[in-house]
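Worksheet for the structure shown next.
Here is the naming used below: chain letters follow the sequence lines, and residue numbers restart at 1 for every chain.
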Amino acid sequence: MEIIKPRTLSGFMELLPDKQQRFERMMEILRTTYASYGFAPLDTPVIEDAQILLAKGGGETEKQIYRFTKGDSDLALRFDLTVPLAKYVALHYNDLAFPFRRYQISKVYRGERAQRGRFREFYQADIDIIGDGKLDILNEAEIPAIIYKVFRGFGLTRFQIRVNNRKILNGFYALLGLEEKSGEIMRTVDKLDKIGAEKVCTILLEDCGLTQDQAEEILKFIAIRGTNAEVLAALEGYAEKHPLFDQGLEELKAVTVNLAAFGVPEENFAVDLTIARGLDYYTGTVYETTLLDHPEIGSVCSGGRYDNLAGYYIEKALPGVGISIGLTRLFYVLDEQGLLNPNLPSAPADALVLPMTSEAGPAIALAETLRSAGLRVQLYGEQKKFKQKMAYANKLAVPFAVLLGEDEIAQGMCSVKDMRSGQQVTLPPVEAAAHIRAALNQGSQAVILER
RNA sequence: GUGGAUGUGGCCUAGCUGGUUAAGGCGUCAGAUUGUGGCUCUGAAGAUCGAGGGUUCGAAUCCCUUCAUCCACCCCA
């Protein structure tokens, strides 16, 4: 038989067990945090009818979506979680309670060239709040507050949630008579950090066809920096010239005030007039989150307010606000930077039961006893040499090995070996369980990352 | 989609003005050491040098084609 060389496609992340364990832990934190704010879990199919996913048509989605046929069906892999949500809400409109709050942590697919931190298959961890007809501005402050909680839950402190409002930008461009070109301008301005003000100016003049005055006004506008209060104060200078701008400013102020009330420290969020990117369906508040020490990797979490979620699928006005964490990218960066908490248990079990006799019965009973005490226990059933059993325990990085030989069985005992200290005690099974639990709770089980 | 670079055991790398058996490290497996692991020592397995074609007495090395990967752009999480 010919061997097919195993390989994983570029742009797809595949983890070894210990890393996967850490990844699962992040998802756990996400789930519990999202749930603590009253969001309901949702799962939708990876594959949808292509018509549904491409309802919006045109643009990047069309170019990057994985599309295929099976028989007569025209199918596609979901490109994000927002479009499936729109379909879901439209389809189950009558059965849902609004505001509808859901979270979804699932894989999405994009057929683009993979790069460092850019994947073709990746997890998004989304939360959205969908209103029926209306949705209060309060929600727009709550969403980033939840993101803050999540990131802190991951153990991160050096991150910044940047907030802006599209109405401010659109209102401002309208003031300059540039409403037609707002998309183009936003995309250019968004690159400010990367290419610098001069380059931005050049592109605005040459590619976007702005006048010198218009370009200067825009550069002056995006040059507004400082504390949130300072930026807001500077924005007041543009007030009462355009109603859209004024509305956006009011919203931005409301978000900023409430964000503080939700307990998000000023250093973790910033009003930033250059952020504008994200899908073009955003209409108001927009968010983008970056890791302060790794700006090169781009946004690990972004989202915003949209006014018409499901217009392609239902004749209802369903405004919403949501945000998406690029979990795969975030994990990739954290791992690459060695930021993954080495104190997180990564072993698949707390204890490995090693039977030293050929008779399995007592070992099975022992493992069950330990499990009843709440421990994660693996029973090693292979007839291997003792050395190999220990080597296995090492590789798994289990904190405890529990030995069960003839002597122990005869006495109704078992030997608990702490794999890090090498210390070993012989105890009855129930006490052994208590012993292990106590040790684990002390945090003395600190997982071995490197020896 | 556009531009640039790179493909050598599972992983990382040496060899590249062509010259016989492709070298090393990590990892894997075995033994030293048959109820006590990590360290050390010894040994072993594992590569048609990405694939196909060409030049040549001779190609990992030169040429062409192709595929794959990586980087930048585009766009995005």
Let me know the distance between CD1 of A:Ile275 and C1' of B:C76, rounded to the nearest Å.
-> 14 Å
A:Glu408 (side chain) and B:G35 (base): donor-acceptor pair under 3.5 Å = yes
Any-strand Watson-Crick or G-U partner of B:U6, both distances under 3.5 Å = B:A68
Where the side chain of A:Gln424 is defined as all heavy atoms beyond and including C-beta, which of B:U36, B:C75, B:A77 is the nearest nucleotide?
-> B:U36
Is A:Arg31 salt-bridged to A:Glu28, going by a charged N under 4.0 Å from an acidic O?
-> no
Taking atom NZ of A:Lys191 and atom NZ of A:Lys199, what is their separation to the nearest 0.5 Å?
-> 9.5 Å
Value in whole Å for how far the P atom of B:G37 lies from CG of A:Asp418 = 16 Å
A:Tyr332 and A:Phe122: aromatic ring centres closer than 6.0 Å?
-> no
Along nucleotides 28-33 of chain B, 5' to 3', which nucleotides get a B, which get an S, and which get a -, given that the test is a protein heavy-atom distance under 4.0 Å?
-> SSSSB-
Pick base, sugar-phosphate or nothing for A:Ile325, based on heavy-atom distances below 4.0 Å to the nucleic acid.
-> nothing
Between B:G35, B:A77, B:G37, spot the one nearest the side chain of A:Phe119, thanks.
-> B:A77
Starting at atom CD of A:Gln124, determine the distance to atom C1' of B:C76, rounded to an integer number of angstrom.
-> 10 Å
When rounded to whole Å, the NZ to P distance for the pair A:Lys389 and B:G35 reads 9 Å
Say you pick atom P in B:C12 and the same atom in B:U69; how far apart are they, in whole Å?
-> 15 Å
Say whether A:Glu408 and A:Ser415, considering side chains only, have a donor N or O and an acceptor N or O under 3.5 Å apart.
-> yes
Mind checking the C1' distance from B:A72 to B:C76? Whole angstroms is fine.
-> 15 Å
A:Phe12 ring centre to A:Arg120 NZ or CZ under 6.0 Å, with the angle to the axis within 45°?
-> no
Would you please indicate yes or no on a ring centroid separation below 6.0 angstrom for A:Phe39 and A:Tyr103?
-> no
Select base, sugar-phosphate, or nothing to describe what A:Tyr123 touches, counting heavy atoms under 4.0 Å on all strands.
-> nothing
Between B:U28 and B:A23, how far apart are the P atoms? Round to whole Å, please.
-> 22 Å
A:Tyr173 side chain to A:Glu179 side chain, donor-acceptor N/O pair below 3.5 angstrom = no
Sub-3.5 Å pairs of nitrogen or oxygen atoms, protein against nucleotides 67-73 of chain B:
unit_1 : atom_1 : unit_2   : atom_2 : d
B:U69  : OP1    : A:Ser10  : N      : 3.4
B:C70  : OP2    : A:Ser10  : OG     : 2.7
B:C71  : OP1    : A:Arg116 : N      : 3.0
B:C71  : OP2    : A:Arg116 : N      : 3.0
B:A72  : OP2    : A:Gln115 : OE1    : 2.7
B:C73  : OP1    : A:Lys194 : NZ     : 3.4

Determine the Euclidean distance between corresponding P atoms of B:G27 and B:C11; express it in Å to zero decimal places.
-> 15 Å
Quantified in whole Å, what is the P atom distance between nucleotide B:C26 and nucleotide B:G43?
-> 14 Å
Report the base-pairing partner of B:G43 (Watson-Crick or G-U wobble, both distances below 3.5 angstrom), or none.
-> B:C29
Just how far, in rounded Å, is P of B:A77 from CD1 of A:Ile147?
-> 13 Å
Which pair of heavy atoms, one from A:Pro45 and one from A:Lys87, lies closest together, and at what distance?
-> CD-NZ, 4.5 Å
Face-to-face stacking of A:Phe122 with B:A77, centres under 5.5 angstrom, angle under 30° = yes
Which nucleotide sits closest to the side chain of A:Met419: B:C76, B:G35, B:G37?
-> B:G37
Mate of B:U17 where both pairing distances stay under 3.5 Å, Watson-Crick or G-U | none
Might you work through the ring pair (Phe, Tyr, Trp, His ring centres under 6.0 Å) test for A:Phe269 and A:Tyr148, ending with a clear yes or no?
-> CA-CA 9 Å; A:Phe269 79 97; A:Tyr148 168 77; 9.1 Å; no
Pair A:Phe331 and A:Tyr123, ring centroids less than 6.0 Å apart | no
Atom-pair distance (CD on A:Glu288; P on B:C75), nearest Å | 14 Å
Closest-nucleotide ordering on RNA chain B, the 5'-leading residue of A:Ser415 and A:Gln64 = A:Ser415
Taking only side-chain nitrogens and oxygens of A:Ser302, does any of them come within less than 4.0 Å of OP1 or OP2 of B:A77?
-> yes
For A:Lys417, answer base if it contacts any base atom (sugar-phosphate contacts may also be present), sugar-phosphate if it contacts only those atoms, and nothing otherwise; contact means non-hydrogen atoms under 4.0 Å.
-> base
Please give, in whole Å, the distance from B:G38 P to A:Phe386 CZ?
-> 11 Å
Against the side chain of A:Glu60, the closest entry in B:A77, B:U36, B:C75 is B:C75
Within this structure, what is the CZ-to-C1' distance between A:Arg78 and B:A77, rounded to whole angstrom?
-> 14 Å
Considering only the C1' atoms, how many Å lie between B:U20 and B:C39, rounded to the nearest integer?
-> 41 Å
Could you give the distance separating B:G53 and B:A60 at their P atoms, to the nearest angstrom?
-> 14 Å
With sequence neighbours excluded, residues passing side-chain hydrogen bond (donor to acceptor under 3.5 Å, both in side chains) with A:Arg305 | A:Glu140, A:Asp307
If we call it a pair only when both distances are under 3.5 Å in a Watson-Crick or G-U wobble match, what pairs with B:U56?
-> none
Can you tell me the pairing partner of B:G1 across any strand shown, Watson-Crick or G-U wobble, with both distances under 3.5 angstrom?
-> B:C73
Watson-Crick or G-U counterpart of B:G38, or none if no pair lies under 3.5 Å | none
Would you mind telling me which residue lines up with the more 5' stretch of RNA chain B, A:Gly422 or A:Val300, judged by nearest nucleotide?
-> A:Gly422
Using the C1' atom in both, what is the distance from B:U6 to B:C16, to the nearest Å?
-> 14 Å
Evaluate the criterion side-chain contact (heavy atoms from CB on, under 4.5 Å) for residue pair A:Phe172 and A:Ile222; output intermediate values, then yes/no.
-> CA-CA 11 Å; A:Phe172 175 68; A:Ile222 60 178; over 6 Å; no
